[in-house]
Amino acid sequence: MATRNHLGNHDHRSKELPQVLVLEPPPIMKFNGDQFLNDFQLLKAWESPLPLDQFLSIHAQSVKALLTPGRYPLTRNILQLIPSLQLVVTTSAGLNHIDLPEFQRRGIDIASAGDVYSEDVADMAVGLLIDVLRKISAADRYVRKGLWDTKAEFPLGSKLCSKRVGIVGLGSIGQEVAKRLQASGCRIMYTSRNKKPFVSYPYYYNVLELAADSDVLIICCGLTEQTRHMINKDVMLALGKEGVVINIGRGAIIDEKELVQCLVQRELAGAGLDVFENEPHVPRELLTMDNVVLSPHRAVRTPESLTAMCEHVKGNLEAFFSNKPLLSPVMNI
Ligand SMILES: O=CC(=O)O
C-alpha cells in the first residue's frame, strides 16, 4: 500500500528499502545523480522544508546509515539527534569531519573512501609540483599576455629529476605519489605515523629532519590534532630557500600565515596548493605570486573517480545491510 513520506509525497517502496540519511548532497550525487542508490530510501535532509533537528527527529529511532561528503561536522551533537545510527559512509578521502574517537566509542562503523581517489590525488600532487618547478601556469599567463614577443624574458624553471622529495604521510595517496616521482628520477623519503615495512624509502621519525634533507615536501597525510599546523615556519626554514611545498591533504596541516610569510620573504621557492585553511578563502598575497600554483580543492574530482566512488558507496551500504564486512572499514584508532 502507498504510504506518505516525511515530505508528504506518496511513496510506494520506501517502507521496504533500507534508509540512508544524507545531510548534504555529496559530489558523487551532484555528478551522477542518485540512481546508483535506488536500492535504498535516501532521506535527503536538504530537500526537507523542516529545520535539520526536526527532520532528524522524525527518523531518530529508525535510521541506521548516514552518507556524508565530508563537510558537515559529525560530532557527538548529531549522535544525540540520531541515536539509532550504526554506520557512516563518507565519500571524502579525509576523515577530519568525523569525531572518530566518539563514534568508535559508541560502536558506530565508519566506511572510508578507501583508495578510490588515490591515483587522481597523486596525479594532482605531481601536476602541481611540475607546474611550480617548470612554471607552466606562469608561462601560460606570459604567453596570453603577449609578452613572448617582447624583451621580457621568461625565467628558467627547475629540473624535476633528482629532486629529493619528502612525503609527509605514506598512506595510499603518498605511495602513489612516491611511485610516480620515483619513476621521474626523484629520491623519495618519507615520514609517517609508523615506518612502513614494505617500502625501502628512507624513513624519518620527524618532519623537521625530513624537511632539512628534502628539496620538496608533499603533504599527503590527514588532518588530526597531531598534524594541525605541523608544517610551520621551522619546517619551512629547514626546507630552505630553494624548497617547494605541495599540499593536497588539508589546508590546516600547514600554518598558512607562516607559509605566506615565508613566501613573501623568499624563505621558500614556491608552493602548489589544492587546499587552504579557510576554504574558499585564499590569502590575498598568494594571488599575485608566480611561484605559487593554486587549485580550488579539486584533487579528487574526476568523472572517473566520482563514478568509481558511486560503486564503492553502494558496495559499503550493501555490505552493511546484509551483515557482511565493509569494503573499507576505518579501523579503531
Ligand atoms: O579532499 C577531498 C576529500 O577528502 O575527498
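Start at 1 and go down the list; that is how both ligands and their atoms are numbered. Worth saying up front: this structure is predicted, and the values here are computed from it rather than measured. Positions are given from 1 along the sequence.
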Practice item. Go through ligand 1 atom by atom and flag the ones less than 4.0 Å from a non-hydrogen atom of Val300. Key: 2 (C), 5 (O)

Review point. What atoms of ligand 1 come closer than 4.0 angstrom to any heavy atom of Gly94?
Key: 3 (C), 4 (O)

Review point. Below 4.0 angstrom, N of the basic side chain to O of the carboxylate: do Asp34 and Lys44 qualify?
Key: yes

Point to revise | Closest protein heavy atom (residue, atom, distance) for atom 1 (O) of ligand 1 | key: His297 NE2, 2.5 Å

Review point. Would you find more than 12 non-hydrogen atoms of other residues, nucleotides or ligands less than 6.0 Å from Glu153 atom CD?
Key: no

Review point. Looking at atom 3 (C) of ligand 1, what's its closest protein heavy atom, distance included?
Key: Ala93 N, 3.1 Å

Review point. Can you tell me which residue and heavy atom of the protein come closest to atom 4 (O) of ligand 1, and the distance to 0.1 Å?
Key: Arg250 NH2, 2.7 Å

Review point. Can you tell me if CZ on Arg164 sees more than 12 non-hydrogen neighbours from other groups inside 6.0 Å?
Key: yes

Check your understanding: Has Glu119 got more than 12 heavy atoms of other residues, nucleotides or ligands less than 6.0 Å from its CD?
Key -> no

Practice item. Check for a donor-acceptor pair, side chain of Asn206 on one end and backbone N or O of Glu209 on the other, with a separation under 3.5 Å. Key: yes

